[in-house]
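What follows is a short report on a single structure.
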Amino acid sequence: MKKISIVGAGRVGETTAQILAETELCRDIALFDVREDVPEGVALDILQSAPFFKFDGVLSGSNDPHILRDSDLVIVTAGFPRQPGMSRADVLESNVRIIDQVTDHIMTHAPNAMILVVSNPVDTLTYRVAQRTGWGRERVFGQAGVLDASRMASFIAQETGFSTRDITTLVLGGHGDTMVPVTRFCTINGVPIAHFLSKERIAAIVERTRTGGAEILALRKNSSAYDAPGAAVAAMVDAIANNRRRLLPCVALLDGEYGETDIAMGVPCILGERGVESVVTLDLNAEERADFQRSAQAVRIDIERLNML
Ligand code: NAD
């Protein structure tokens, strides 16, 4: 990709920019934010780490949305993070206004871009961006499950003492308390985690995954998570930039898959240079299906609220 823009030069936006620059996933990275001078400052700060990491790409920042022009991919991290005690849905009203404005900027300045939504509530806001742009689902998608799966993998690693390199996890559904960690597909180098962990320990890991974001928020107090979220976004960018065609859980618009239509939520997708190439439909068992439907119901409540705003 020739150019990637990041909207929102806050914590998640900055972390993402730093990783993308360091790993040279793109040589032209632009940051846009409404806070005066901040995106320039962030870009300059990251550029000054270049001699350590030996990257030589271009980073720029601006309060002018023209900076988005000709982006191949726009990553949207603009918006309020939740405060301790709040759910992701609690920031819907304020963030939808921001996301609408940002979407209009992208349509004006980067009409051929793909859009990766990070701002919360990410399922509902991905849906909103898809509705507002009218662009196909391959070009408008969101990040949630890559982060949730990495949280789960790190909990399994802590519990078993095994390397995270060998741990594969899958988390579907909405990016909230109803998310669906699918333990049947969680393995340690192909060996189901049930071989190593009791039912009770697995249930505890599932619960900790569901509340993983809130746990960090409660500990950090004045910030929600951004290190792992930035890394999760970078993993998705890597899949796109290098056309890896990875199977990753993405927030995608559903068109009948998993029995759901007119909704965006986390499902396994093939992610490559054209964005979401396809949604992979898994044969869920009755319990997993019920959990997925419950999660879809929670996302729908937000979408209905959105439609009334
Ligand atoms: P932050 O407050 O550090 O940064 C948000 C930035 O958005 C700020 O710099 C703000 O000035 C900017 N902004 C606000 N309105 C804007 C507009 N109209 N145009 C451009 N920029 C605008 O917050 P953060 O910790 O970086 O989190 C950002 C968002 O990402 C939040 O909604 C948070 O909940 C979400 N998030 C999502 C995930 C995920 O997995 N999907 C993970 C972490 C955080």
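For ligands, and for the atoms within them, numbers begin at 1 and follow the listed sequence.
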Would you mind reporting whether Glu277 and Leu271 have side-chain heavy atoms less than 4.5 Å apart? no
Are any side-chain N or O atoms of Thr77 and backbone N or O atoms of Gly8, one a donor and one an acceptor, separated by less than 3.5 Å? yes
Counting only N and O atoms by type, is there a donor-acceptor contact under 3.5 Å from the side chain of Asn120 to the main-chain atoms of Pro81? no
Any donor-acceptor pair under 3.5 Å linking the side-chain atoms of Gln18 with those of Glu14? no
Looking only at the side chains, is there a donor atom on one of Asp262 and Tyr127 sitting less than 3.5 Å from an acceptor on the other? yes
Provide, line by line, the atom pairs where ligand 1 and the protein bring an N/O atom each to a distance under 3.5 Å; else say none.
| from | atom 1 | to | atom 2 | distance (Å) |
| --- | --- | --- | --- | --- |
| ligand 1 | 3 (O) | Arg11 | N | 2.9 |
| ligand 1 | 3 (O) | Arg11 | NH1 | 3.4 |
| ligand 1 | 7 (O) | Gly79 | N | 3.3 |
| ligand 1 | 9 (O) | Asp33 | OD2 | 2.6 |
| ligand 1 | 9 (O) | Arg35 | NE | 3.0 |
| ligand 1 | 9 (O) | Arg35 | NH2 | 2.8 |
| ligand 1 | 11 (O) | Asp33 | OD1 | 2.7 |
| ligand 1 | 11 (O) | Asp33 | OD2 | 3.4 |
| ligand 1 | 11 (O) | Arg35 | NE | 3.3 |
| ligand 1 | 18 (N) | Gln101 | OE1 | 2.8 |
| ligand 1 | 26 (O) | Arg11 | N | 3.2 |
| ligand 1 | 26 (O) | Val12 | N | 2.8 |
| ligand 1 | 32 (O) | Phe80 | O | 3.2 |
| ligand 1 | 32 (O) | Asn120 | N | 3.1 |
| ligand 1 | 34 (O) | Asn120 | ND2 | 3.0 |
| ligand 1 | 36 (N) | Asn120 | ND2 | 3.4 |
| ligand 1 | 40 (O) | Gln143 | NE2 | 2.8 |
| ligand 1 | 40 (O) | His175 | NE2 | 3.3 |
| ligand 1 | 41 (N) | Val118 | O | 2.9 |
| ligand 1 | 41 (N) | Gln143 | O | 2.9 |

Assess whether atom CZ of Arg201 is packed by more than 12 heavy atoms of other residues, nucleotides or ligands within 6.0 Å. no
